[in-house]
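Structure record follows, encoded as structure tokens.
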Amino acid sequence: MPTLIVSEKNKAAKRIAEALGPVTVINRSKYLKVYQVPSKNIYVVPLRGHILEYRNTDQFKSWINSNPREIITNPNSIDKIPNSYANPYIKALIDFAKKCDECVIATDADVEGCNIGLFDALPYVIKANRNIKVKQLWLSSLEKKEIVLKYRNLISPKWSWGETGEARAIIDAIIGFSSTREVTNTFRPILNEINNKFVSIGRVQTSLLYLIYLRDLEIEQFVPEQYWTITANLEHKSHIIKAVHTKNPFIKEKESKAKAIFQKIKNEKVALILNNTKESAIINPPTPLNTSKALVLLTRILRTSAKSVMNAMNSLYLNQIISYPRTDSDKYSPNFNHLPYLENFKPHMNYGSYTVKLFKENRLSPTTGKVYAGDHPPITPLVSLEQTSSKFENNLQKKVYDVLARHYLALFGKHATELRIKLRISIKDELFTSRLVSLTQSGFYEIAPFLKKTYQPIFEIEVKELPVKEILLDEKETQPPPHYTDTTLLKLMEREHLGTKSTRPTIIMILLDRKLTYNIAKNRFKITEWGKFLIQELIQVWLPFLKPDFTRFVENLLEDIKEKRKTKEDVIIIVKKIFLALFDKFRNEKNTITIKFDSVKDNLKTTMQQTSQKKFPQTTSKCPTCKNHPMKLITTSQKKRFLACSDRNCKTYLSVPKTGRITILKSTTCLKCGFNVFKILKRKVNKSNIYYICPKCWNDSFKEEGTIGFCSNCTDYQISKEQCVKRS
DNA sequence: GCAAGGTC
């Protein structure tokens with residue numbers, strides 16, 4: 001009788017099947033492939049991560065007519081049901097379970113993997129075939145050798161690991177659903193004012209918001225302190241060498257001391273070099289990239305959001321340009337053969353000469369990080385693509401690939417060398433130091449210059465004296481800590497155990513979407529007035545839940561389930577009890593919150609309006625009515641869009657197509673009426689459609705009968721190479 | 001209408 005193997009994702013299913021023998025692919029639906037190994041009588045059915053999710057039962061569907069408190073107390077408040085795309089997967093599990101007498105769970109070798117295999121998929125398998133034998137395939141990598149070996153040594157299912165994931169899901173659902181509803185109901189008068197539909201509360205997101213609140217508070221309450229520094233600019237050939245007084249910084253109490261020193265030396269023209277040491281330092285190439293490190297690096301270099309970088313990596317992976325982007329490995333398996341990948345880059349326009357040099361110098365082993373998670377290698381470029389390649393779907397993918405490819409090549413590079421010169425200097429008996437760091441050997445920086453620090457030009461100092469160009473006494477102020485960026489938020493979340501490598505970018509985005517945070521200059525995050533009000537109120541009643549300690553507390557309990565020290569049920573009872581107490585505290589004290597609403601409502605409304613004012617794209621052509629002002633392409637929060645004259649008094653509006661991405665072509669205008677031509681891109685699953693309209697002509701066409709005012713229907717002109725030209 | 005966790 002055949003064997004059914006269940007994997008977490010398509011990629012793993014394919015690899016497992018291929019390792020066990022020649023494969024026949026069974027296309028079950030457009031996206032679902034089952035891999036058959038006829039020689040071994042095996043069917044490998046992939047899943048797509050979790051196929052079930054917790055939802056409120058019908059009894060608790062209504063937000064108004066059900067009691068949020070009962071979501072915690074009533075064991076039937078939530079239920080695990082198939083998600084939107086689960087059906088083909090479930091059907092495949094049932095069909096193949098009926099044919100097989102053995103089921104091997106081969107989902108990822110971690111807590112969520114065990115939960116997906118043993119608690120999402122297996123119940124369907126067993127329901128379809130009560131006598132099926134259940135085993136688990138515990139893979140520490142997807143290499144053929146490992147798969148073959150472990151398939152011969154199947155283990156009994158790791159139920160406790162699966163239960164750990166189940167407890168995590170139940171705890172998050174119960175806490176999230178009950179508190180989101182209760183807090184939404186409480187804050188409803190405020191939500192109406194600021195056009196929010198609800199306020200979401202969750203173990204991870206609310207804790208993160210609290211940390212952002214704390215940082216902003218620290219910045220707000222920061223009291224700058226005055227201090228003074230004495231610096232000397234010394235001349236050496238064409239360079240300026242900056243030296244700092246050894247007693248820097250002079251705090252407020254030492255102001256007079258600083259000024260006295262400055263008075264004493266300000267006209268001195270010679271600096272004596274007392275000591276001149278130099279040392280060479282080696283800078284090693286970076287270590288391979290796991291997901292967290294890649295996100296931190298890419299958001300820092302590209303100055304873009306974690307979410308968009310993660311999306312770009314995922315698309316590159318789906319298009320087989322990079323390896324799997326969700327990995328904890330920052331160390332390659334000793335068996336990983338880098339040669340074919342490196343070989344790819346030899347002819348590359350930008351990376352080629354560096355790569356050829358790697359081969360010449362026989363530098364073919366990468367640096368190594370700390371974790372070999374097994375299932376996937378560190379993030380690796382699989383193919384060599386030029387920046388002009390049409391395989392990139394957008395500019396960001398291009399940039400992400402460039403950084404990842406260069407970083408990968410840097411792993412094999414030679415170390416860089418720094419020259420560090422330290423000078424001890426005396427200016428009229430006042431001691432100064434100067435540190436000069438220059439790059440003497442660029443090594444791997446050649447391919448990955450984005451990893452470089454700032455360096456001074458290379459020079460050596462052999463003289464005993466240097467002329468003083470100027471001596472400066474500067475009054476300065478201490479600076480507050482910076483606002484968080486995507487990069488620093490990712491680091492913070494990792495440090496505080498908030499979220500996972502895959503969910504962190506989404507959680508950062510959720511806070512933005514829900515108007516709890518917003519971006520100020522340079523991708524920096526600030527809590528909104530609304531977020532601040534919310535957290536300030538919650539601190540009064542829910543501080544234990546806001547602190548990241550709560551997640552660590554839950555984590556420890558989950559670990560107890562995994563290690564069989566506690567049962568899933570016991571842990572859920574413990575967490576429910578603690579959270580119910582917090583919930584009741586909120587209920588008992590919520591009058592102290594609602595009583596404040598009248599006094600803060602108006603202020604919140606206006607500040608939130610200011611914060612959310614978007615910059616809408618503008619036409620270069622003028623409004624057809626007033627002929628004075630450009631028009632704005634407005635998109636409302638309900639996703640309706642239209643053109644409006646930027647002069648509010650003019651009140652001219654033009655319709656635009658409801659769907660498709662609009663680009664205002666600024667290099668051409670409609671030769672018929674002079675208005676901008678709009679390019680509309682409609683994305684479909686397989687191909688995209690592009691068409692053009694002039695909004696003025698398009699709107700005019702509504703008043704006439706017959707024609708639709710697309711540019712393609714224009715009798716006199718047509719769009720050619722994004723220019724409006726006479727029809728030939 | 002809600003969480004956080006997988007994956008496309």
Side-chain angles (χ1 to χ4, degrees), chain A residues 7-13 29-33 46-57 60-64 66 68 71-72 77-78 80 83-86 88-89 107-108 110-117 119-121 162 164-185 187-188 191 195-209 291 310-311 313-320 324-327 375-376 493 497-511 513-514 545 550-551 554-555 558 575 579 685:
Chain A
S7 83
E8 186 158 327
K9 46 185 164 276
N10 177 63
K11 191 187 166 85
S29 74
K30 201 169 170 195
Y31 299 104
L32 172 56
K33 289 183 180 120
L47 302 175
R48 215 177 105 184
H50 280 292
I51 52 171
L52 304 185
E53 62 184 8
Y54 275 98
R55 298 234 194 113
N56 272 118
T57 48
F60 288 87
K61 282 259 152 57
S62 163
W63 285 45
I64 307 287
S66 66
I71 295 177
I72 311 172
S77 64
I78 57 169
K80 219 181 177 193
N83 64 20
S84 58
Y85 52 80
Y89 296 89
T107 42
D108 292 1
D110 52 31
V111 162
E112 291 297 331
C114 289
N115 185 245
I116 290 166
F119 285 77
D120 284 9
T164 307
E166 198 67 13
R168 201 272 314 140
I170 292 170
I171 289 167
D172 282 338
I174 285 176
I175 290 177
F177 295 168
S178 65
S179 55
T180 292
R181 290 186 186 194
E182 181 70 10
V183 176
T184 297
N185 289 341
F187 281 82
R188 201 176 297 282
L191 293 172
N195 269 327
N196 266 23
K197 293 204 167 61
F198 56 90
V199 36
S200 56
I201 304 289
R203 173 177 57 83
V204 178
Q205 56 169 284
T206 309
S207 204
L208 182 64
L209 184 64
T291 307
M310 192 68 219
N311 286 347
M313 286 205 289
N314 201 45
S315 303
L316 291 172
Y317 155 66
L318 291 174
N319 293 328
Q320 293 165 27
Y324 194 66
R326 285 178 284 269
T327 174
D375 46 358
H376 308 286
M493 294 178 85
H497 298 217
L498 294 177
T500 67
K501 59 185 182 298
S502 325
T503 57
R504 278 175 206 137
T506 313
I507 288 182
I508 294 173
M509 194 193 64
I510 283 176
L511 294 182
D513 280 355
R514 311 265 158 98
F545 174 70
F550 187 83
T551 278
V554 172
E555 256 177 14
L558 293 176
V575 177
F579 195 72
V685 183

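Each chain gets a letter, A, B and so on, in the order the sequences are listed, and its residues count up from 1.
Side chain of A:Asn196 to backbone of A:Leu191: no donor-acceptor contact under 3.5 angstrom is found.
Under the side-chain contact (heavy atoms from CB on, under 4.5 Å) criterion, A:Ser62 pairs with A:Ile64, A:Asn65, not counting sequence neighbours. The ring pair (Phe, Tyr, Trp, His ring centres under 6.0 Å) check on A:Phe545 picks up A:Trp542, A:Phe550, A:Phe579, with sequence neighbours excluded.
Taking NZ of A:Lys33 as the reference point, atom OG of A:Ser29 lies at 10.0 Å (rounded to 0.5 Å).
A:Arg514 comes within 4.0 angstrom of sugar-phosphate atoms only, judged by non-hydrogen atoms across all strands, and of no base. Residue-level contact check: A:Asn115 touches neither bases nor backbone, having no heavy atom under 4.0 Å from any strand. Counting any heavy atom pair closer than 4.0 Å across all strands shown, A:Ile201 reaches sugar-phosphate atoms only and no base atom. Within the nucleic acid shown, A:Tyr317 comes within 4.0 Å of sugar-phosphate atoms alone, with no base atom in reach, counting heavy atoms only. Using a 4.0 Å heavy-atom criterion, one finds that A:Ser502 contacts the bases of the nucleic acid, with or without backbone contacts as well. A:Arg168 comes within contact range of at least one nucleobase, with a heavy-atom separation under 4.0 Å. When heavy atoms are screened at a 4.0 angstrom cut-off, A:Asn56 is found touching base atoms of the nucleic acid. Residue A:Gly113 is classed as having no contact, given no heavy-atom separation below 4.0 Å to the nucleic acid. Within 4.0 Å (heavy atoms only), A:Tyr324 reaches sugar-phosphate atoms of the nucleic acid but no base atom. Nucleic acid contact for A:Asn311: none, since no nucleic acid atom lies under 4.0 Å from a heavy atom of the residue. Among the heavy atoms of the strands lying under 4.0 Å from A:Thr184 is at least one base atom, whether or not backbone atoms are also near. Contact annotation for A:Ser200: backbone-only contact, meaning every heavy-atom pair under 4.0 Å involves sugar-phosphate atoms and none involves a base.
Judged by closest nucleotide on DNA chain B, A:Ile175 is the one of A:Ser315 and A:Ile175 placed further toward the 5' end.
For B:dG1, the base is stacked against the aromatic ring of A:Trp63, per a cut-off of 5.5 Å between centres and 30° between planes.
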Test side-chain contact (heavy atoms from CB on, under 4.5 Å) applied to A:Asn56 and A:Ile71, step by step: CA-CA 8 Å; A:Asn56 272 118; A:Ile71 295 177; 3.9 Å; yes
